[in-house]
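Below, chain A is the first sequence line, B the second, and so on; all start at residue 1.
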Number of protein chains: 2
Amino acid sequence: MSGLTNTANPDAGRTIVSVDAMGGDRGPAAVVAGISDSAKKNADIGFILHGDQEQLERLVSRRKNLAGRVEIRHAQDVVSMEDKPSQVMRQGKNSSMWSAVDSVRNGEADVCVSCGNTGALMMMSVVRLRKLPGVNRPAIAVLWPSTNPQGFNIMLDAGADIRADENDLLQYALMGASYARNGMELSRPRVGLLNVGTEEHKGRPELKLAFDLISENATAANFEFVGFVEGRDLPGKVADVIVTDGFTGNVALKTGEGVAGLIRQFLGEAFKFSPLSRLAALLALTSLRRLNQRIDPRQVNGGVFLGLNGTVVKSHGSSDATGVSAAVKLAFKLSQSGFSQKLAARVASAVSLPQDAAKSSDTDN
Amino acid sequence: MSGLTNTANPDAGRTIVSVDAMGGDRGPAAVVAGISDSAKKNADIGFILHGDQEQLERLVSRRKNLAGRVEIRHAQDVVSMEDKPSQVMRQGKNSSMWSAVDSVRNGEADVCVSCGNTGALMMMSVVRLRKLPGVNRPAIAVLWPSTNPQGFNIMLDAGADIRADENDLLQYALMGASYARNGMELSRPRVGLLNVGTEEHKGRPELKLAFDLISENATAANFEFVGFVEGRDLPGKVADVIVTDGFTGNVALKTGEGVAGLIRQFLGEAFKFSPLSRLAALLALTSLRRLNQRIDPRQVNGGVFLGLNGTVVKSHGSSDATGVSAAVKLAFKLSQSGFSQKLAARVASAVSLPQDAAKSSDTDN
């Protein structure tokens, strides 16, 4: 298909986003609608779309604005949400997910987007893209709506690995700070370490060790370490990047989603209580929409896999067109900023940081 | 002071609540206002109030309805929120908190309420009341607003101890189920174990061991085990009691508070956006109040310390009269149900459960 140029150098032209069209709960129609939205807004994106050729050709042909901007790669299998990652690694070689990750591996695409099974996508990404030198555990970074000026905080790890020792937590701090610089244009992000209290004596042994390690590396790695933070700081303003193990991060993320959902439900019930409250709801509609936009999980969409040779954006499984488009936008932004290369350089330089911190003067990644 | 009878048997008359009047952020005035509210609503409560005698006498004398229902115990020291628990144990013997716990220890009061420093209160409670036979780690149980019919779920441990092995998690399940039976009148509570996914193969090793242990003990201990649950189930309806270690529980609790606070703030801003939205807010006032009541942390007030010889209710540090009164109500209810004794029997019988499950037919605690 014409109109596609591979941009190993992100400044040299169109950014190619490799998209797994099949893995999400809403199927390929939502994905194609989403990339169509993105294509309308941004002329600099091209797509490689992975999945059932016939189905995808039909869906793409209905969107005039996608003409010449989408290459379709047939993949006969689909990874389901119920598949175990280990099973997928044995049997998933013909899946749209595998194919989508491989487009980044082969250098045909700059970045990969999938709404599929998180565990399988992470395992595939690790096996096919490989970990960056110096990274022990890759991480999933997610965004939290927050009271900070940029509107969001970054938390990692959101569940790539249930364990993290002090060295992993240091890596997460470096990777999260790099993400904040490139994805949020924060020149010197503030990094916090999640704990049960802000006092230095609190928490598990590995957290005390991580506190010291991160503290020692902050200046050389060009971030500010604000020390221990608490759960309430995830949507707060004391830090831009919050570091934790994947078990705690996953529980916190899902707890936040649950509480937001509960309040949305209660709010709806409160406004349906009486004729007067229904009238009030009508008048308040714009205000309530404004609230919903700020806490809409579709807008906060896109967990980013960090610590690999290549960037993979995991969109929510239930993403609709808006969600997919938000994930594509994030993927484009990270690719444009040369994030993947900068992150690799940052982590590589940090491997020798404890011995070599004074020599490091590279602070732009 | 007259009018007080000690009720070792909770059915034998007035329930005596021992109240630490000094430890909260709002000082003794809020505490006295709170117990006055409780006294108005419930003729069966008497109070022992611990703190600065002169100050307390002045505050109590202004509340006519407290006449004859409050005994004041002078304590010259106050445990502050910043004091380290270990320090308090050495120097806190003349504090209002120590005195309040000791009234339960001495059998003068049935239950203790404090708004003070959680860590210090827990350490004092463990040292003065001692752990129940068979309990390794006492736990703090808190309430989550939820979509369940009873309106709340119980989560433990909310932060008494950052560690918990599989045996501790089993104890938490037993204690949480007992709390649900006595505090919420659920005859057969559903207990879930917090994890990063609901599949049996997920999570940390101790969680898999705890899964089996809790599963084996569920029938004999008269609760239903619903298996692994996720963060989003804390305010959800799949379980009534959710069990986790104190690190994860504390992060989840504070994350939930943070998210609720963020949404409240966003909601306020949304309604202040324009003259029309301000008008809508005016009309929506009742609906918004209704929402606030359901997620108001003052109503969900009162962490309960479980696993000790005696019940201690920890009210939020910033509790006002409403918060204190809610904590007193919970303390009264637990005392009335004979919760402390039933819990002790339950835990004692569970010590031998793995060997002796079939023999246990005591299912009312």
Below 4.5 Å, heavy-atom pairs only: which of [options] has the largest tally toward chain A?
options                                : result
B:Gly246, B:Gly249, B:Gly203, B:Pro235 : B:Pro235
B:Glu230, B:Lys84, B:Lys254            : B:Lys254
B:Ile162, B:Asp233, B:Thr244           : B:Ile162

*Return the orientation label for the A:Phe211 and A:Phe228 ring planes: parallel under 30°, perpendicular over 60°, tilted otherwise.*
tilted

When rounded to the nearest 0.5 Å, the distance separating CE of B:Met97 from CG of B:Asn117 is 5.5 Å

Do any N or O atoms from the side chain of B:Asn153 and from the backbone of B:Val241 form a donor-acceptor pair under 3.5 angstrom? no

Exercise. State whether the side chain of A:Arg190 and the backbone N or O of A:Lys237 hold a donor-acceptor pair below 3.5 Å, judged by distance alone.
Key: yes

If one checks every heavy atom of B:Asn195 against chain A at 4.5 Å, the contacting part turns out to be both

Applying a strict 4.5 Å limit to non-hydrogen atoms, the region of B:Asp161 in contact with chain A is neither

| said: Between B:Asp168 and B:Asn136, is there a side-chain donor-acceptor contact under 3.5 Å, judged purely by atom types and distance? | reply: yes

If you measure only the distance, is there a donor-acceptor pair under 3.5 Å linking the side chains of B:Asp240 and B:Gln150? yes

Applying a strict 4.5 Å limit to non-hydrogen atoms, the region of A:Leu207 in contact with chain B is side chain

Most contact-rich option vs chain B, by heavy-atom pairs under 4.5 angstrom, among A:Leu234, A:Thr248, A:Leu253, is A:Thr248

